[in-house]
*Asks:* 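Take this structure first; my questions come after.
Throughout, protein chains are lettered first and strands after them, A, B, ... in sequence-line order, and every chain is numbered starting at 1. Values reported hereafter were calculated over all heavy atoms of this structure, with side chains retained and with hydrogens, waters and symmetry mates removed.
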2 protein chains.
Amino acid sequence: MTVTLADVAARAQVSPATVSRVLNGNYPVAASTRERVLKAVDELDYVLNGPASALAAATSDLVGILVNDIADPFFGIMAGAVQSEIGGPGGRAGGERLAVVCNTGGTPERELTYLTLLQRQRAAAVVLTGGAMEDEAHQTAVAAKLRRLTEAGTRVVLCGRPPAPDTGAIALTFDNRGGGRELTEHLIGLGHRRLGYIAGPRERTTTRHRLEGHRAALAAHGIEEDPRWTVHGRYDRQAGYEATLELMRRDPTLTAVVAANDTVALGACAALRDSGLRIPDDVSVAGFDDLPFSIDAVPALTTVRLPLAEAGARAGRVAMGREEAPVGGIATVRGELMVRGSSGGPRS
Amino acid sequence: MTVTLADVAARAQVSPATVSRVLNGNYPVAASTRERVLKAVDELDYVLNGPASALAAATSDLVGILVNDIADPFFGIMAGAVQSEIGGPGGRAGGERLAVVCNTGGTPERELTYLTLLQRQRAAAVVLTGGAMEDEAHQTAVAAKLRRLTEAGTRVVLCGRPPAPDTGAIALTFDNRGGGRELTEHLIGLGHRRLGYIAGPRERTTTRHRLEGHRAALAAHGIEEDPRWTVHGRYDRQAGYEATLELMRRDPTLTAVVAANDTVALGACAALRDSGLRIPDDVSVAGFDDLPFSIDAVPALTTVRLPLAEAGARAGRVAMGREEAPVGGIATVRGELMVRGSSGGPRS
DNA sequence: AGCCGCACAGCAAGCGCTTTCTATGTAGAA
DNA sequence: TTCTACATAGAAAGCGCTTGCTGTGCGGCT
């Protein structure tokens, strides 16, 4: 049998109530008593029963973090930052909290199931990272879940995700549209007029917003876009590789390729190289996110830096109630254009 | 007030016991009754109280995954694979489980604290990934914790981590020594005789084993190693960059640089390039792990592929009792040498 | 026809903790 | 000295669920 509170109480010659109070430190206990209790805890190697404690106190120390793909540094960086702020071991806040990182794989069902699971665990807070699905039914379902969570006292924070109105969720949204626009304007400023675009999966807010920014830049400069210049694909390297080959097949006169994110851009670089094209002499390439490896590409990738760690940390603090929520419950986090070697003037 | 089992029971006109049995499906319930209960659950939007359930049943559906750095794909890939196998949403196994990914940051204290937290939550299983600290006291403490966990019925699996004898933990260990040896033998076979080595942080099993493999290869070929040829540093890009500069300063005649992992190798490549050296014409570079980005380096990185996803998946299955543990509780997972463009013959 | 046994459903006793309320001892106030 | 007030400690009532045990009604057996 495992050691219970009662065992500790017996050993310390006090009541279970006192042991509980010593452990929680939320009630005056005489120093001598406390010491006796702590000694007993130590001797018996007692470990609190989490579920029992959560049940009785009607609170839990679990914090959920939903990510699309845990193997993708984009999410890993945010998740790590959130976790470092929620007062887990090593965090400054008292009260140790357990971060639960849930991998949705970007599918609507798993996202909902995980939200239910977290609701079931009576999580103290939930942070949702990354773009949302644009499916109407799914958005409604998620919104309903979020509302129930916030109503039950769970703090919900969206990090790098569009706001969810009327749910009580706090949103720290990335300015994907603005970043996309700035990036493409940089290329246009370099003289490019024929730009291919490798978009992410359809029905994702991130995909749509970045693409909209790109198109806004083209429109602002009176560049008419050829429908063949846009290809959709997954957010991974291979998709970028294939999309680039497709793009160059459709129109070999393109002088620049803008990718939906850095991973895709890396695939694009590989495809161009394998096609015997030089970067940026023959074709310029640009990404988005500025993940750590992007600076190591050869040439280094021109991209839009998203302050993932900062945003994640802020989301974590807001989730813990350690930082005030932005006014209106919505904050926009801007990206920063990083001009590097992969972009240059168009070949003449 | 939130909806409870009793509310559902009242609405469905049955006893709470019956509702519980319908929800758990572990006891015969007439189809008509089941339907009535399910309907009530749906109408009331009932969500089981996890802590209460865990307390009463003395089991939990939490599975802990300890990683050193969640932002590092090395761990992200393993964690994702574990998670996909533990029967979370979308997994094949019935019974939804919540994966808890804990970021230890590679520090002993956080590792221990997280283990305690998981013990407190009465986790169903715990998977520890990555190398262990070599600190004697810490190892003893961890071993004691692991023993208590297994004794309490928690399944403990070590993934990419050396075995922990007498703890009841199952180990899937990476053959870091063998991989390191093979890699260096490849370079020796190419004709290199003056090889620099960028090791990871001291006091880590991974660091030591890879270095031992490297030295074994040198010894086997009668190459005497100059102490100046080894530099220790963190497992990140910057450390690799700086270590490489230091290495080339100490001995500019080195013809190859072996890094403790791919991330470090990328830093090494950058340092060499910035020093005006060509890869592999002037200096060959090799890494370890074969992370996804390694193939995108220019030139592509010669490295040792570790089957991270496969090992993680297997660890997950073993943790869930869905796959038998290896005989003796220990399995060695071998790496595979991937010869790519970053290694070539030494400059003459 | 009488009996056994099976298929269900309900009762009620906890699971191990938190917390309210009450009891006690002691110090300071009157 | 007597009363009030404070500082602690304990008793006990749950928190919401699971599950062993106890009914109950019915079909099939002899």
*Asks:* How long is the straight-line distance from CG of B:N103 back to CD of A:Q83, given to the nearest 0.5 Å?
*Replies:*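 A:Q83 CD to B:N103 CG: 4.5 Å, rounded to 0.5 Å.
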*Asks:* The criterion is side-chain contact (heavy atoms from CB on, under 4.5 Å); which residues satisfy it with B:A56, sequence neighbours excluded?
*Replies:*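 In terms of side-chain contact (heavy atoms from CB on, under 4.5 Å), with neighbours along the sequence ignored, B:A56 is linked to no residue.
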*Asks:* Quick one, A:S15 with A:T18, criterion side chain to side chain donor-acceptor pair (under 3.5 Å). Give me CA distance, side-chain angles, the key distance, then yes/no.
*Replies:* CA-CA 5 Å; A:S15 73; A:T18 301; 3.2 Å; yes
*Asks:* Counting only side-chain heavy atoms from C-beta out, which of C:dA9, D:dC17, C:dC17 sits nearest to B:V29?
*Replies:*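 So the nucleotide nearest the side chain must be C:dA9.
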*Asks:* Kindly state each residue pair satisfying salt bridge (charged side-chain N to carboxylate O under 4.0 Å, His left out) with at least one member in residues 152-162 of chain B, sequence neighbours excluded.
*Replies:*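 Every pair satisfying salt bridge (charged side-chain N to carboxylate O under 4.0 Å, His left out) with a residue in residues 152-162 of chain B: B:E111-B:R161.
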*Asks:* Going by heavy atoms closer than 4.0 Å, what residues in residues 37-45 of chain B are next to DNA chain C?
*Replies:*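 Within residues 37-45 of chain B, no residue comes under 4.0 Å of DNA chain C.
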*Asks:* Please list, one pair per line, the donor and acceptor atoms closer than 3.5 Å that link side chains of residues 21-33 of chain B to other protein atoms, with sequence neighbours excluded.
*Replies:*
| residue | atom | partner | partner atom | Å |
| --- | --- | --- | --- | --- |
| B:N24 | ND2 | B:S20 | O | 2.9 |
| B:N24 | ND2 | B:S20 | OG | 3.3 |

*Asks:* Given atom CG of A:L5 and atom P of C:dC15, what is their separation to the nearest angstrom?
*Replies:*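 About 13 Å, once rounded to whole Å.
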*Asks:* Going by side-chain contact (heavy atoms from CB on, under 4.5 Å), name the residues that satisfy it together with A:E134, two or more places apart in sequence or in a different chain.
*Replies:*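 With neighbours one apart ignored, the set is A:E203, A:T205, A:R208.
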*Asks:* Please round to 10 degrees the angle between the axis of the first five pairs and the axis of the last five pairs in the helix from C:dA1-D:dT30 to C:dA30-D:dT1.
*Replies:*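 Inter-axis angle at the termini of the helix from C:dA1-D:dT30 to C:dA30-D:dT1: 40°.
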*Asks:* Rounding to an integer number of Å, can you tell me how far A:R34 CZ sits from D:dA7 P?
*Replies:*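 In whole Å, D:dA7 P lies 15 Å from A:R34 CZ.
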*Asks:* By side-chain contact (heavy atoms from CB on, under 4.5 Å), which residues pair with A:A10, not counting sequence neighbours?
*Replies:*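 For A:A10, no residue satisfies side-chain contact (heavy atoms from CB on, under 4.5 Å) once neighbours in sequence are set aside.
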*Asks:* Within this structure, what is the CG-to-C1' distance between B:L55 and D:dT19, rounded to whole angstrom?
*Replies:*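 Rounded to whole Å, this separation is 13 Å.
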*Asks:* Scan residues 13-28 of chain B against DNA chain C and write down, sorted by residue number, each residue with any heavy atom closer than 4.0 Å; if none is found, say none.
*Replies:*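 Contacting residues: B:V14, B:S15, B:A17, B:T18, B:R21, B:Y27, B:P28.
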*Asks:* For residues 59-70 of chain B, tabulate all N or O donor-acceptor pairs below 3.5 Å that involve a side-chain atom, not counting sequence neighbours.
*Replies:*
| residue | atom | partner | partner atom | Å |
| --- | --- | --- | --- | --- |
| B:S60 | OG | B:L62 | N | 2.9 |
| B:D61 | OD1 | A:Q121 | NE2 | 3.2 |
| B:N68 | OD1 | B:T104 | OG1 | 3.3 |
| B:D69 | OD1 | B:A71 | N | 3.0 |

*Asks:* Please check the phosphate of D:dG16 (OP1 and OP2 only) for any side-chain N or O of B:S53 closer than 4.0 Å.
*Replies:*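 No.
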*Asks:* Reading DNA chain D from 5' onward, which residue's closest nucleotide shows up sooner: B:P51 or A:R36?
*Replies:*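 Closer to the 5' end of DNA chain D: A:R36.
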*Asks:* Rounded to the nearest Å, what distance is computed from the CG atom of residue B:N49 to the P atom of nucleotide C:dC15?
*Replies:*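 Rounding to the nearest Å, CG of B:N49 and P of C:dC15 are 18 Å apart.
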*Asks:* Counting only pairs under 3.5 Å, give me each side-chain donor-acceptor contact of residues 41-55 of chain A, with atom names and distances, residues two or more places apart or in other chains.
*Replies:*
| residue | atom | partner | partner atom | Å |
| --- | --- | --- | --- | --- |
| A:E43 | OE1 | A:R11 | NE | 2.7 |
| A:E43 | OE1 | A:R11 | NH2 | 2.9 |
| A:E43 | OE2 | A:K39 | NZ | 3.3 |
| A:D45 | OD2 | B:R148 | NE | 3.4 |
| A:N49 | OD1 | A:A52 | N | 3.0 |

*Asks:* Applying salt bridge (charged side-chain N to carboxylate O under 4.0 Å, His left out) as the test, list every pair that has at least one member in residues 112-126 of chain A; sequence neighbours left out.
*Replies:*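 Residue pairs passing salt bridge (charged side-chain N to carboxylate O under 4.0 Å, His left out), neighbours aside: none found.
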*Asks:* B:A57 or A:A54: which one's nearest nucleotide on DNA chain C is closer to the 5' end?
*Replies:*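 Per heavy-atom nearest nucleotide, the more 5' residue is B:A57.
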*Asks:* With sequence neighbours left out, write down each residue that passes salt bridge (Lys or Arg N to Asp or Glu O under 4.0 Å) with B:E323, or none if nothing qualifies.
*Replies:*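 By the salt bridge (Lys or Arg N to Asp or Glu O under 4.0 Å) rule, B:E323 matches B:R314, B:R317.
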